[in-house]
Amino acid sequence: MATRTVVKSVLSRAQPEGDGATVRRSIGSPMLRNLDPFLLLDEVFVELPAGFPDHPHRGFETVTYMIDGSFEHEDFTGRKGRIDSGDIQWMRAGRGILHAEMPAEGTKVNHGLQLWVNLPKRAKMAEPLYQEHTSAELPWADLPNAAGRVKVIAGDAFGVKAKVDTVTPMMYQHFFVEDGKAFDIPILSTFTAFIYVLTGHATFGATKVRGEAHTTLVLGSDGDALTVETEPGIKCDFVVIAGEPIGEPIIQHGPFVMTTRDEIIETIRDFQFGRNGFENAVNWHSSIGD
Ligand SMILES: Nc1ccc(F)c(C(=O)c2c[nH]c3ncc(Cl)cc23)c1F
Ligand SMILES: [Fe+3]
């Protein structure tokens with residue numbers, strides 16, 4: 001397998017977001033745009049009373065992965081749930097969701113990732129769909145060369161298939177690598193691909209670029225695998241997020257992502273007047289975010 005090269009490395013710094021929350025913004029920050037189909041990746045740190053009170057989404061998916069702590073979510077259909085450490089919530093907003101996402105009562109700092117994945121035009125007005133899996137339900141694969149293991153959130157890894165179904169081909173995998181190891185990760189050369197390092201450090205790609213905590217490493221499309229190496233004494237955990245570009249225009253207005261300006265104008269009106277998927281939004285207020 002020819003190993004891909006890291007073409008860009010960006011350290012994310014903390015910035016305020018939502019209502020009193022702090023995020024390190026990877027994808028979606030000025031240096032990390034145009035990574036179709038990925039719109040945003042936030043590493044989130046938040047504790048009550050901060051959070052993400054009532055807000056809408058249309059035209060894409062939000063993927064919330066808790067690293068430590070617990071979030072509660074509640075939407076305008078009355079659906080409520082809790083995302084605990086290691087759990088995943090893959091929410092296809094489709095034609096429209098209005099929800100609140102808040103730290104669970106009684107928790108200290110909650111740490112997680114939220115990824116926003118664009119939907120192709122054909123799926124943007126589909127009914128919303130939740131795919132939620134607990135940490136215990138999510139499959140793991142062993143890495144080659146006894147290098148560690150990987151939690152398979154989306155896509156296939158070393159023969160293990162994720163539980164989540166995605167509209168477009170994608171991989172989202174959390175690697176836990178032991179120290180002093182080297183191995184290759186197969187990543188289709190047609191996929192837009194990046195790494196986000198959470199703890200420790202490792203070197204990545206043909207030119208052995210060092211990736212440290214809170215750093216995004218964007219991969220070139222010059223191969224079908226990624227070489228990873230850790231030094232003796234230093235473990236590293238990171239996520240690999242990769243996917244087939246959708247190749248359609250991306251017109252974003254905050255939490256609305258469509259393919260034309262007119263569709264955005266219609267979306268704003270739909271949300272304002274409570275129609276075409278936002279019927280339950282009229283006078284709705286969450287119990288957790290208000
Ligand atoms: N429009 C808009 C504007 C501002 C926001 F903060 C949000 C939003 O909700 C989030 C941004 N990153 C996040 N990470 C984790 C969680 Cl749980 C939520 C978010 C949003 F949707
Ligand atoms: Fe949201």
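Sequence positions, counted from 1, serve as the residue numbers for this chain. Keep in mind it's a predicted model, so treat the numbers as computed, not measured. Atoms within a ligand are numbered from 1 in the order they appear, just like the ligands themselves.
Taking the centre and axis of the six-membered ring of Y130, the NZ or CZ atom of R79 falls inside the cone set by 45° and 6.0 Å.
Side chain of T215 to backbone of V197: no donor-acceptor contact under 3.5 angstrom is found. T5 places no side-chain N or O within donor-acceptor distance of the main-chain N or O of V7, the cut-off being under 3.5 Å. Using a distance-only test at 3.5 Å, with no hydrogens or angles considered, a donor-acceptor pair links the side chain of T230 to the main chain of G180. Judged by distance alone, with hydrogens and angles left aside, the side-chain atoms of Q114 form no donor-acceptor pair with the main-chain N or O of V44 at under 3.5 Å. A donor-acceptor distance shorter than 3.5 angstrom exists from the side chain of N110 to the backbone of V46, with no hydrogens or angles considered. In this structure a side-chain-to-backbone donor-acceptor pair under 3.5 Å is present from K8 to M31. With hydrogens and angles disregarded, a donor-acceptor distance shorter than 3.5 Å links the side chain of D179 to the backbone of G233.
Atom 12 (N) of ligand 1 has its closest protein heavy atom at D42 OD2, 2.8 Å. Distance from atom 14 (N) of ligand 1 to its nearest protein heavy atom, with residue and atom name: V44 CG2, 3.2 Å. Of the protein's non-hydrogen atoms, H55 NE2, 3.1 Å is the one closest to atom 9 (O) of ligand 1. Among all protein heavy atoms, the one lying closest to atom 13 (C) of ligand 1 is Q114 OE1, 3.6 Å. Closest protein heavy atom to atom 4 (C) of ligand 1: E17 OE1, 3.3 Å. Protein heavy atom nearest atom 8 (C) of ligand 1, with residue, atom name and distance: F52 CD2, 3.6 Å. Looking at atom 17 (Cl) of ligand 1, its nearest protein heavy atom turns out to be F71 CE2, 3.1 Å. For atom 2 (C) of ligand 1, the closest heavy atom belonging to the protein is W116 CH2, 4.1 Å.
Taking a cut-off of under 4.0 Å to the non-hydrogen atoms of E101, the atoms of ligand 1 that pass are 9 (O), 17 (Cl), 18 (C). Of all atoms in ligand 1, numbered sequentially from 1 with element shown, those under 4.0 Å from a heavy atom of G18 are 6 (F). Close approach to H57 involves these atoms of ligand 1, each under 4.0 Å from a residue heavy atom: 21 (F).
Judged purely by distance below 3.5 Å, without hydrogens or angles, the side chains of D87 and S135 never pair a donor atom with an acceptor atom. Side chains of K124 and T259: a donor-acceptor N/O pair is absent below 3.5 angstrom, by distance only.
Within H55, the N, O or S atom lying nearest to the Fe ion (ligand 2) carries the name NE2. Note on E101: its N/O/S atom closest to the Fe ion (ligand 2) is OE1.
At a cut-off of 2.8 Å, H57 is counted among the residues with an N, O or S atom near the Fe ion (ligand 2).
In this structure, H73 does not count as a contact residue of ligand 1, since none of its heavy atoms falls inside 4.0 Å of the ligand. Not close to ligand 1: T64, with no non-hydrogen atom less than 4.0 angstrom away.
At a heavy-atom cutoff of 4.0 Å, ligand 1 is contacted by no atom of F256, backbone or side chain.
Atom CG of N145 sits in a crowded spot, with more than 12 heavy atoms from other residues, nucleotides or ligands closer than 6.0 Å.
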